[in-house]
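Here the structure is laid out as structure tokens; the discussion comes afterwards.
As a basis for the values below, the full set of heavy atoms in this structure was taken, side chains included, without hydrogen atoms, waters or symmetry mates. Counting starts at 1 for both ligands and their atoms, in listed order. Count residues from 1 along the sequence.
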Amino acid sequence: MSNRRPLIAGNWKMHKTGKEAVEAAKALKALVAGVTSVEVMIAPTFTTLAQVSAEIATSPIALGAQNMHWEPKGAFTGEIAADMLVDAGCRYVILGHSERRQFFGETDQTVNKKIRAAVQSGLSPVFCIGESEAEREAGQTFSVLDKQIRKGLESFVLQDLQALVVAYEPVWAIGTGKTATKEQAQEVHAHLRAELGQMFGADFAQRMRILYGGSVKPSNVKELMAMPDVDGALVGGASLDPETFSQLVHYQS
Ligand code: PGA
């Protein structure tokens, strides 16, 4: 048994107005009240962060953002800095999500800069990596992931990464209804933990949480979470409805 506390994180992506977000947060707060064995995080849109933060202030639910810029301030129209996220109440920030890589030009290099900026501001980065379907079929899964993880964490030292969370999200499983099997998830998570062990030492790798993401839902969460190296889930679609998301948080019952 590992002593890594599971993290169930909801990525709301580009969904919910302020009113909808606050209502969902309020409902979730009631549905997960008293849960301590699992950490719960939700990542709403930038515009609703402060409102959601106020709503969950008295609950153990943590707030996360879905992206940020690496510079602390400046002439970067449309961007948000790490300290602004902290100011809005965030403890986490999702970085390098495949939708950012695919549609918004995110690269391993920009993810690396963002992780550094997040850490400097005291945010916990949720660093996303994942292979495409073509890469998996070509037998390149591990080499793709190794490159993403090595470039994303290049030039970091151990003490920078204490709050880091890694999320393995196979691109072919995101929003497709196609989940990795528990064996596929475990195989990759064990590989990533070994890789992190080589980079930063086995102790660190054992403490590090590795989440699985990609079509996690109430019907598959339990078997995924039963895998020894799966320490939580990053959930898109099934996080939008508080009742469904709370079933994921209560996966043990
Ligand atoms: P999904 O998204 O649960 O809708 O597949 C996961 C994610 O993008 O984090």
Using a heavy-atom cut-off of under 4.0 Å, does the side chain or the backbone of Ser239 touch ligand 1, or both, or neither?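 None of Ser239 does.
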Could you check whether Glu71 pairs with Lys113 (Lys NZ or Arg NE/NH1/NH2 to Asp/Glu carboxylate O, under 4.0 Å)?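 No, no charged N to carboxylate O under 4.0 Å.
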Charged N to carboxylate O below 4.0 Å: is that the case for Lys73 and Asp83?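 No salt bridge links Lys73 with Asp83.
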Against heavy atoms of [X], which atoms of ligand 1 measure under 4.0 Å?
| X | value |
| --- | --- |
| Gly214 | 5 (O) |
| Ile174 | 2 (O), 5 (O), 8 (O) |
| Ala173 | 5 (O) |

Is there at least one pair of N or O atoms, one from [X] and one from ligand 1, spaced under 3.5 Å apart?
| X | value |
| --- | --- |
| Gly236 | yes |
| Thr176 | no |
| Gly175 | yes |
| Ala238 | no |
| His97 | yes |

Side chain to side chain, Met68 and Glu79, heavy atoms closer than 4.5 Å: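 SC-SC contact between Met68 and Glu79 ruled out.
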Would you indicate whether the side-chain heavy atoms of Phe127 and Ile94 approach each other to under 4.5 Å?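 No - every pair of side-chain heavy atoms lies 4.5 Å or more apart.
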Close approach, Gly213 and ligand 1, non-hydrogen under 4.0 angstrom: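 No, Gly213 has no heavy atom closer than 4.0 Å to ligand 1.
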Yes or no: does Ser98 have any heavy atom under 4.0 Å from an atom of ligand 1?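 Checking ligand 1 against Ser98, which is what was asked, there is no heavy-atom contact under 4.0 Å.
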Would Ile210 and Val165 count as a side-chain contact (heavy atoms from CB on, under 4.5 Å) if you check the C-alpha gap in whole Å, the side-chain angles of each, and the deciding distance to 0.1 Å? CA-CA 6 Å; Ile210 306 177; Val165 176; over 6 Å; no
According to the salt bridge (Lys or Arg N to Asp or Glu O under 4.0 Å) rule, which pairs have a member within residues 238-253, sequence neighbours left out?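 Qualifying pairs: none.
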Do His189 and Val166 pass the side-chain contact (heavy atoms from CB on, under 4.5 Å) test, and can you show the C-alpha distance, the side-chain angles, and the key distance before you say yes or no? CA-CA 10 Å; His189 284 224; Val166 169; over 6 Å; no
Pairs where residues 39-48 contributes a residue and the test side chain to side chain donor-acceptor pair (under 3.5 Å) is met, not counting sequence neighbours: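 Every side chain to side chain donor-acceptor pair (under 3.5 Å) pair that includes a residue of residues 39-48, provided the two are not neighbours, is Glu39-Arg91, Glu39-Tyr92, Glu39-Arg209, Thr45-Thr47, Thr45-Thr48.
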Could you find the nearest protein heavy atom to atom 4 (O) of ligand 1 and give me its residue, atom name and distance?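 The answer is Gly237 N, 2.8 Å.
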Identify the protein heavy atom lying closest to atom 9 (O) of ligand 1, giving its residue, its atom name and the separation to 0.1 Å.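 Checking every protein heavy atom, the shortest distance to atom 9 (O) of ligand 1 gives Glu169 OE2, 2.7 Å.
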Between CG of Asn112 and NZ of Lys114, what distance do you get to the nearest 0.5 Å?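 That separation rounds to 12.0 Å.
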